[in-house]
Colleague: 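Got a structure for you, questions after.
Keep in mind that this is a model prediction, so the values were computed, not measured. Atoms within a ligand are numbered from 1 in the order they appear, just like the ligands themselves.
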Amino acid sequence: MTKEPNKISVGVVGAGVIGRRVVGAVRLQPDMALAGVADVAADWRIAMLAKDGVRLFAASSQASQTLPDAGLDVAGSLEDLIAASDVIVDCTPKGIGAKNADIYRSAGKPFIVQGGEKHDVAGHSFVAEATYGSAFGRDATRVVSCNTTSIVRTLGALKRAGLLKKARGTLMRRATDPWESHLGGIMNTLVPEPTIPSHQGPDARHVDPELDVVTIAIKIPETLAHLHSWYVELNRPATKEEVLDAFAASPRILLIDGDSGLSALNSVKEAMAMEGRPNADLYEVALWSNILAVDGTELCYNYMVDNQAIVIPETIDAIRALASSEEQPEVSMRLTNKALGIGADELRL
Ligand SMILES: NC(=O)C1=CN([C@@H]2O[C@H](COP(=O)(O)OP(=O)(O)OC[C@H]3O[C@@H](n4cnc5c(N)ncnc54)[C@H](OP(=O)(O)O)[C@@H]3O)[C@@H](O)[C@H]2O)C=CC1
Ligand SMILES: O=C(OP(=O)(O)O)[C@H](O)COP(=O)(O)O
């Protein structure tokens, strides 16, 4: 397969909830081209990608049978996709990326895994605003989980403004993804995560070891998004305006006004649909400016994390960090934001 000149050739392994969104986002970047997708599934999800012109590769010997049996054209094996790619984005279910890492390393190809994998799989954890620079030119990185991404974005904004001392958060986690809610999830109950801290707080310190952050998580019976409630101790008394300015300085945090009617997860998703976002995806952390309170050094706020969407811009930036000559995080993030329509300036809200 011939590569498009001057474009980063991206191979995606595992095209489920995250992988198919990465496919869509890669295709919108001016400096990237999609080499194809390798998967083991051969159902409607993969058939729809094929109809969109995505080249399919069989990620297992069984898939090399089941894909053609389902009437789908197969361009080659996982190894063929790796050979045709400058960088691999592994979006397989938790634990499989760790096994695939050896294959990518043996092929000498840089790769990205997602937040279901442990930090050690890549030896580096990625959130663009914090660790683009240390990812630049590496052989691998891990885009941290959706909740962890939101924590680093928000606490990072407070830290850059010189305000952050320590943060304690309660994370209400959606039970399962919408498309598979008939297969699992919970109903008519709330389930506290069995350990304190939940993994997201410690995991945020893989990105920024200076963060003093503890998280507690609860699984809740809905599928739209996560909702976080934070108590933050500031290192000096601040005003509400100072705190809002600190958050507003990041284009990947969207201040929303509950008094305008955007008062819940579902209304924010509907607004994203009206914005014309694919899948009504909310790439930003949506933080309620009207439900934020500052009292001296005490700060409390709530925000929404669209778990299916928030890691997509980070993954695009991680591709540039590993496989392009762009060393400046701001340049990559601007390109990504523009291509995906991210940030208050890009929205009608
Ligand atoms: N879902 C979410 O909200 C978020 C997920 N993440 C992380 O992203 C990663 C992917 O999650 P998600 O998109 O939800 O997963 P999905 O289950 O939606 O998609 C995974 C895809 O990979 C396929 N697959 C399974 N095994 C292999 C294999 N060996 N080789 C190639 N493809 C394979 C699956 O096929 P099949 O279905 O047939 O098994 C499926 O098509 C995980 O690390 C997860 O923790 C991060 C942030 C948010
Ligand atoms: O990465 C996520 O959340 P997390 O930050 O709680 O690990 C995604 O919402 C996936 O979570 P899941 O492990 O419930 O599928």
Colleague: With nothing but distance in play, are any N or O atoms of Asn307 less than 3.5 Å from an N or O of ligand 1?
Modeller: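 For ligand 1, there is an N or O atom that lies under 3.5 Å from one belonging to Asn307.
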
Colleague: Heavy-atom contact under 4.0 Å between Arg174 and ligand 1?
Modeller: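 Per 4.0 Å heavy-atom rule, Arg174 contacts ligand 1.
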
Colleague: Around Lys240, counting heavy atoms of other residues, nucleotides and ligands shown, do more than 12 lie under 6.0 Å from its NZ?
Modeller: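 Enclosed: over 12 neighbouring heavy atoms sit under 6.0 Å from NZ of Lys240.
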
Colleague: Given Asp43, Thr148, Asp39, which has its nearest heavy atom closest to atom 34 (C) of ligand 1?
Modeller: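 Answer by nearest heavy atom: Asp39.
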
Colleague: Is a donor from one side chain sitting under 3.5 angstrom from an acceptor on the other, for Asn337 and Arg252?
Modeller: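 Arg252 and Asn337 do have a side-chain donor-acceptor pair below 3.5 Å.
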
Colleague: With atoms numbered from 1 as shown, which atoms in ligand 1 lie under 4.0 angstrom from a non-hydrogen atom of Val13?
Modeller: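 Contacts of ligand 1 toward Val13, numbered from 1: 31 (C).
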
Colleague: How far is atom 42 (C) of ligand 1 from its nearest protein heavy atom, and which residue and atom is that?
Modeller: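 So the nearest neighbour among protein heavy atoms is Thr92 O, 3.5 Å.
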
Colleague: Which protein heavy atom lies closest to atom 18 (O) of ligand 1, and at what distance to 0.1 Å?
Modeller: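 Heavy-atom neighbour on the protein nearest atom 18 (O) of ligand 1: Val17 N, 3.0 Å.
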
Colleague: For atom 8 (O) of ligand 1, find the nearest protein heavy atom and state the residue, atom name and distance (0.1 Å precision).
Modeller: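 So the nearest neighbour among protein heavy atoms is Gln114 CB, 3.4 Å.
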
Colleague: Starting from atom 28 (C) of ligand 1, find the nearest protein heavy-atom neighbour and note its residue, name and distance.
Modeller: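 Among all protein heavy atoms, the one nearest atom 28 (C) of ligand 1 is Val40 CG1, 3.6 Å.
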
Colleague: Considering distance alone, does some N or O of Glu117 sit under 3.5 Å from an N or O of ligand 1?
Modeller: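 Checking ligand 1 against Glu117, no N or O pair falls under 3.5 Å apart.
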
Colleague: Taking both backbone and side-chain atoms of Gly116, is any N or O found less than 3.5 Å from an N or O belonging to ligand 1?
Modeller: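 Yes - when backbone and side-chain N and O of Gly116 are compared with those of ligand 1, one distance drops under 3.5 Å.
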
Colleague: Is Val87 linked to Ile312 within one hydrophobic cluster, defined over Ile, Leu, Val, Met, Phe, Trp and Tyr using a side-chain heavy-atom separation of less than 4.5 Å?
Modeller: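 The answer is yes; both residues are in one hydrophobic cluster.
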
Colleague: Classify the side-chain pair Asn6/Asp31 by whether it contains a donor and acceptor separated by less than 3.5 Å.
Modeller: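 Note: Asn6 and Asp31 side chains miss the donor-acceptor criterion.
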
Colleague: For ligand 1, which part of Ile96 has a heavy atom less than 4.0 Å away: the side chain, the backbone, both, or neither?
Modeller: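 Just the side chain.
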
Colleague: May I ask you to decide whether Arg236 forms a salt bridge with Glu242, counting only side-chain N to carboxylate O separations under 4.0 Å?
Modeller: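 So Arg236 pairs with Glu242 through a salt bridge.
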
Colleague: Measure the distance from atom 22 (O) of ligand 1 to every protein heavy atom, then report the residue, atom name and distance (to 0.1 Å) of the closest one.
Modeller: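 Ranked first by proximity to atom 22 (O) of ligand 1 is Gly14 CA, 3.3 Å.
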
Colleague: For Asp86, is there an ion pair with Lys3 - N to carboxylate O distance below 4.0 angstrom?
Modeller: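 Yes, charged N to carboxylate O under 4.0 Å.
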
Colleague: Any pair with a residue in residues 201-216 that passes side chain to side chain donor-acceptor pair (under 3.5 Å), sequence neighbours left out, goes on the list, sorted by first then second residue, please.
Modeller: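 Only Arg142-Asp203, Lys159-Asp208, Lys159-Glu210, Arg168-Asp212, Ser198-Thr215, Asp203-His206 qualify under side chain to side chain donor-acceptor pair (under 3.5 Å).
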
Colleague: Suppose we measure from atom 21 (C) of ligand 1 to each protein heavy atom; which comes out shortest, and what is that distance?
Modeller: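 Sorting protein heavy atoms by distance from atom 21 (C) of ligand 1 puts Gly16 N, 3.7 Å first.
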
Colleague: Numbering the atoms of ligand 1 from 1, which are under 4.0 Å from a heavy atom of Asp177?
Modeller: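 Every atom of ligand 1 under 4.0 Å from some heavy atom of Asp177: 1 (N), 2 (C), 3 (O), 14 (O).
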
Colleague: Using a strict threshold of under 4.0 Å (side-chain N to carboxylate O), is an ion pair present between Asp120 and Lys118?
Modeller: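 Not counted as a salt bridge, because no side-chain N and carboxylate O are separated by less than 4.0 Å.
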
Colleague: Which atoms of ligand 1 are found less than 4.0 Å from any heavy atom of Cys91?
Modeller: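 Contacts of ligand 1 toward Cys91, numbered from 1: 10 (C), 20 (C).
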
Colleague: Assess, by modelled atom type and distance only, whether the side chains of Asp80 and Ser77 contain a donor and an acceptor separated by less than 3.5 Å.
Modeller: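 Side chains of Asp80 and Ser77: pair found under 3.5 Å.
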
Colleague: Looking at every non-hydrogen atom in both residues, tell me the closest pair between Asp306 and Ala225 and how far apart they are.
Modeller: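 Minimum heavy-atom separation between Asp306 and Ala225: CA-CB, 4.1 Å.
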
Colleague: Using a plain distance cutoff, I'd like to know if Ile18 has any nitrogen or oxygen under 3.5 Å from a nitrogen or oxygen of ligand 1.
Modeller: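 For ligand 1, there is an N or O atom that lies under 3.5 Å from one belonging to Ile18.
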
Colleague: Could you establish whether Arg45 and ligand 1 come within less than 4.0 Å of each other, counting only heavy atoms on the residue side?
Modeller: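 True for this residue.
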
Colleague: Identify all N/O pairs between ligand 2 and the protein with a separation under 3.5 Å and present them as a table of atom names and distances.
Modeller:
unit_1: ligand 2; atom_1: 3 (O); unit_2: Arg173; atom_2: NH2; d: 3.4
unit_1: ligand 2; atom_1: 5 (O); unit_2: Ser145; atom_2: OG; d: 2.4
unit_1: ligand 2; atom_1: 5 (O); unit_2: Asn147; atom_2: N; d: 3.4
unit_1: ligand 2; atom_1: 5 (O); unit_2: Asn147; atom_2: ND2; d: 3.1
unit_1: ligand 2; atom_1: 6 (O); unit_2: Asn147; atom_2: ND2; d: 2.8
unit_1: ligand 2; atom_1: 6 (O); unit_2: Arg173; atom_2: NE; d: 2.6
unit_1: ligand 2; atom_1: 6 (O); unit_2: Arg173; atom_2: NH2; d: 3.0
unit_1: ligand 2; atom_1: 6 (O); unit_2: Gln200; atom_2: NE2; d: 2.6
unit_1: ligand 2; atom_1: 7 (O); unit_2: His199; atom_2: NE2; d: 2.7
unit_1: ligand 2; atom_1: 9 (O); unit_2: Arg174; atom_2: NH2; d: 3.4
unit_1: ligand 2; atom_1: 9 (O); unit_2: His226; atom_2: NE2; d: 3.0
unit_1: ligand 2; atom_1: 11 (O); unit_2: Arg173; atom_2: NH2; d: 3.0
unit_1: ligand 2; atom_1: 13 (O); unit_2: Lys94; atom_2: NZ; d: 3.0
unit_1: ligand 2; atom_1: 14 (O); unit_2: Arg173; atom_2: NH2; d: 2.8
unit_1: ligand 2; atom_1: 14 (O); unit_2: Arg174; atom_2: NH1; d: 3.1
unit_1: ligand 2; atom_1: 15 (O); unit_2: Arg174; atom_2: NH2; d: 3.3

Colleague: With a 3.5 Å cut-off and no angle check, do the side chains of Ser145 and Thr148 form a donor-acceptor pair?
Modeller: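 Yes, a side-chain donor-acceptor pair sits under 3.5 Å.
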
Colleague: Can you list the ligand 1 atoms lying under 4.0 Å from a non-hydrogen atom of Ala59?
Modeller: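 Answer, ordered by atom number: 30 (N), 31 (C).
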
Colleague: Could you tell me which non-hydrogen atom of Tyr283 sits nearest to which non-hydrogen atom of Leu340, and how far apart they are?
Modeller: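 Closest approach of Tyr283 to Leu340, heavy atoms only: CE1-O, 3.7 Å.
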
Colleague: Is there a side-chain contact between Ile310 and Leu282, using heavy atoms and a 4.5 Å cut-off?
Modeller: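 The answer is no; the side chains never approach within 4.5 Å.
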
Colleague: Please identify which atoms of ligand 1 are closer than 4.0 Å to at least one heavy atom of Pro93.
Modeller: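 So the answer, numbered in order with elements, is 20 (C), 22 (O), 24 (N), 25 (C), 26 (N).
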
Colleague: Report the C-alpha distance between Asn147 and His228 in whole Å, list the side-chain angles of each, state the deciding distance to 0.1 Å, and finish with yes or no for side chain to side chain donor-acceptor pair (under 3.5 Å).
Modeller: CA-CA 9 Å; Asn147 286 309; His228 289 201; 2.7 Å; yes

Colleague: Less than 4.0 Å between a side-chain N and a carboxylate O, is that true for Glu284 and Arg153?
Modeller: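 Between Glu284 and Arg153 there is no salt bridge, as every charged N stays at least 4.0 Å from the carboxylate O atoms.
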
